[in-house]
Amino acid sequence: MNRLFSILLAGLVGLMFLSSTLFVVDQRQYAILFAFGSVKEVISTPGLHFKLPRPFQNVLYLDKRILTLDTPDSDRFITAEKKNILVDAFVKWRIAEPKVYFVNFGGDERRARDRMLQIIKAALNEEITKRTVREVISGERGKVMDAIRKKVAEEAKQMGVSIIDVRLKRVDYVEQINNSVYDRMKAERTRVANELRSTGSAESEKIRADADKQRTVILAEAYRDAQTIRGEGDAKAAKIYADAFSKNPEFYKFYRSLEAYRASFKTNNDVMVLDPSSEFFKYFKNSGASASAPSASSKAPAGTKK
């Protein structure tokens with residue numbers, strides 16, 4: 001039993017010794033091999049590796065993947081116009097030189113993040129103070145991000161870090177000046193609306209005036225043409241009457257007298273005070289006496305009866 005226990009104990013010690021000399025490197029990790037506290041080797045190839053047992057050698061693992069550094073809160077910056085804006089940014093980064101990274105941060109990722117946040121804020125402040133709000137928001141946003149990425153990459157390289165990308169998520173005014181900005185935008189839109197409205201009103205007045213002018217011209221021309229046609233018609237009618245009545249002047253006189261009688265006695269209440277021997281009753285007295293115009297004398301009584 002003692003011998004069996006000794007064998008099991010020796011096997012257990014040997015297994016522990018063997019496990020302390022083996023380590024596995026994942027494809028997503030770097031492995032830094034230390035010998036008596038100093039860096040001996042950086043292993044980046046995945047697989048099974050050997051080392052001396054502690055305390056002679058030990059291993060520290062670092063992440064090889066692309067990491068994201070996102071600012072927890074919006075940072076305030078001042079533009080070239082002396083206006084405060086809030087900026088949210090994020091950075092894509094990864095460890096490029098594990099040995100340099102360890103020397104600077106001791107393998108502590110939190111310390112690395114804090115240091116990079118300071119570098120990013122300094123780069124943002126330097127670039128934003130040289131530009132206006134419009135340039136930062138839209139005009140030169142791409143240039144701002146490229147300049148910040150270049151500045152951050154230069155400093156991060158000295159810390160063993162590679163900067164993949166820098167992006168501005170949100171650029172906004174601070175709460176204190178939002179209302180003034182909105183008021184200015186509203187005033188600008190109101191001004192444009194008033195300009196368009198006044199331009200439309202002027203155009204409508206111009207169109208209305210032109211339409212009134214055309215209407216007046218058309219009516220004047222139509223009235224002129226109507227008067228011309230009416231004058232021509234009256235002239236032709238007068239000529240026809242003149243030609244017709246000139247063939248028998250006595251009948252014309254008789255016809256005109258009948259027209260005068262008709263106009264004078266339109267209603268039963270019409271009253272005229274005249275001398276019976278006046279010229280007005282000429283054809284009442286001499287309706288059948290005229291020998292020179294038999295047709296007129298024969299037609300006069302019938303007209304008088306009507």
If only atom types and distance count, is the side chain of [X] paired as donor or acceptor with the main-chain N or O of [Y] below 3.5 Å?
X    : Y    : value
S201 : S198 : no
R111 : F105 : yes
Y30  : K99  : no

Closer than 4.0 angstrom, basic N to acidic O: yes or no for [X] and [Y]?
X    : Y    : answer
R170 : D88  : yes
E203 : K206 : no
R113 : E109 : yes
E232 : K236 : no
D26  : K64  : no
D243 : K239 : yes
K130 : E127 : yes

Side chain to side chain contact (heavy atoms under 4.5 Å, CB included) between I128 and I78, intermediate numbers included: CA-CA 7 Å; I128 291 176; I78 300 177; over 6 Å; no
Taking atom types as modelled and ignoring hydrogens, do the side chains of [X] and [Y] form a donor-acceptor contact shorter than 3.5 angstrom?
X    : Y    : result
D210 : Q214 : yes
R224 : Q227 : no
N194 : R191 : no

Walk me through whether L117 and L69 qualify under side chain to side chain contact (heavy atoms under 4.5 Å, CB included). CA-CA 8 Å; L117 280 175; L69 175 62; 4.1 Å; yes
Considering all heavy atoms, the nearest T45-H49 contact: O-NE2, 3.1 Å
Shortest non-hydrogen contact between D70 and F90, atoms and distance: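 So the minimum-distance heavy-atom pair works out to OD1-CB, 3.9 Å.
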Give the intermediate values and the outcome of salt bridge (charged side-chain N to carboxylate O under 4.0 Å, His left out) for residues R94 and D63. CA-CA 8 Å; R94 66 182 175 186; D63 203 329; over 6 Å; no
Could you tell me if the side chain of [Y] sits less than 4.5 Å from the side chain of [X], heavy atoms only?
X   : Y    : answer
L33 : V39  : no
T79 : I85  : yes
F34 : F102 : yes

One pair to check against side chain to side chain contact (heavy atoms under 4.5 Å, CB included): V166 and M145. What are the steps and the verdict? CA-CA 6 Å; V166 177; M145 290 187 293; 5.5 Å; no
Hey, mind stepping through M116 and V161 against side chain to side chain contact (heavy atoms under 4.5 Å, CB included) and telling me if it holds? CA-CA 9 Å; M116 281 190 289; V161 175; 3.8 Å; yes
